[in-house]
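Written out below as structure tokens is the structure these notes cover.
What you see is a predicted model; the values in this text were computed from it and never measured. What's counted below: heavy atoms across the whole structure, side chains too, no hydrogens, waters or symmetry copies. Letters A, B, ... are given to chains in the order of the sequence lines, protein chains preceding strands, and every chain is numbered from 1.
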Amino acid sequence: MEEMIGKVENLMMGEVIHMRTYQAIYDTLFSHYGPQGWWPADSAMEMMLGAILVQHTNWNNVEKAMKNVKVYRSPEELYELSLDELATLIRPSGFFNTKAKRIKSFLMWFRQYDYDVRKLRYLKRLELREQLLQIHGIGKETADVILLYAFGKPIFVVDAYARRLFKRLGFNMPDTYDAFRSDVERELPESVEIYNEYHALIVMHAKVHCKATPICTDCPLWEYCERQIS
DNA sequence: GTCCCGTCAA
DNA sequence: TTGACGGGAC
């Protein structure tokens, strides 16, 4: 009761109530940081390789690896390389032996479609997702990143940053990947542009403010945040 | 839960 | 020189 009176008093003092919705967070981040223009890649093929290379590392390291990969101009040339040769190329991205196998698996799959995304575009969003998840080394996050940025399918990418951010803000966090994804997708319009920007904005925000140890000074989401520490 | 692995800031 | 960082398989 005292708490209610306190809230009423706060309201009378002109405090604004901020609705903690996925849409409101998106709008606020977009106004603050502006369009991010992801994903930086020359082709769908390069984008998908980048999605594997960026697993458990940062974009800076991917760019070094990608520079070496791009010496080989065609997917066929890349496919002919041995695991060791591939691993040497992608060394700067870390976990190079693991990722070399994953890229091999991916290329083996993509080869069935003549390395041509147009031959896969007709598939429905979740059908294509199932295809990608069959590839050894591609899990849900990587699959969704590929669906969104290489195939232009509207899908919300759940990553460690998104989990940390929304948990901290005070959202009821579902415990599984797909439950979280569905929660967000239920609320937002089915727009590739929005999902594209949302993922990028969350990454940006997590690096600038909502880090492991948060930097709350000048945080654009301050008014929305319950600052749940865990 | 453990393993895979380089880069960069401090 | 050390610690933080970051997905998926098993």
Scoring nucleotides 4-10 of chain B by protein non-hydrogen atoms under 4.0 Å (B base, S sugar-phosphate only, - none) yields BBSSS--
Quiz item: Counting only heavy atoms not in A/E190, do more than 12 sit closer than 6.0 Å to its CD atom?
Solution: no
Open item on the list: Tell me if the NZ atom of A/K101 is crowded by more than 12 foreign heavy atoms within 6.0 Å.
Closed with: no
Tell me what A/I138 touches on the nucleic acid: a base, only sugar-phosphate, or nothing, going by heavy atoms under 4.0 Å. sugar-phosphate
For [X] and [N], what is the distance between atoms [atom1] and [atom2] respectively, to the nearest whole Å?
X: A/K101; N: C/dA9; atom1: NZ; atom2: C1'; result: 11 Å
X: A/R164; N: C/dA4; atom1: CZ; atom2: C1'; result: 11 Å
X: A/H199; N: C/dG7; atom1: NE2; atom2: C1'; result: 12 Å
X: A/R163; N: C/dC5; atom1: CZ; atom2: P; result: 18 Å

Looking only at side-chain N and O atoms, does A/E197 offer a donor or acceptor that is under 3.5 Å from a partner on A/W38? no
- Message: When you compare the side chains of A/S74 and A/E77, does any donor N or O come within less than 3.5 Å of an acceptor on the partner?
- Response: yes
Under a 4.0 Å heavy-atom cutoff, the residues of residues 141-161 of chain A touching DNA chain C are A/E141, A/T142, A/Y161
- Which class fits the ring pair A/Y26 and A/Y198: parallel under 30°, tilted 30 to 60°, perpendicular over 60°? perpendicular
### Query
Are any of the side-chain nitrogens in A/R20 or A/E226 under 4.0 Å away from the carboxylate oxygens of its partner?
yes
Could you walk me through whether A/F110 and A/Y79 satisfy the ring-ring contact (aromatic ring centres under 6.0 Å, His included) test, starting with their C-alpha distance in whole Å, then the side-chain angles of each, then the deciding distance to 0.1 Å, before giving a yes or no?
CA-CA 10 Å; A/F110 201 31; A/Y79 182 78; over 10 Å; no
Would you say A/M48 ends up clustered with A/V71 if hydrophobic residues are merged whenever their side chains have heavy atoms under 4.5 Å apart, either directly or through other cluster members? yes
DNA chain C nearest-nucleotide lookup for A/K140 and A/A212: closer to the 5′ end is A/A212
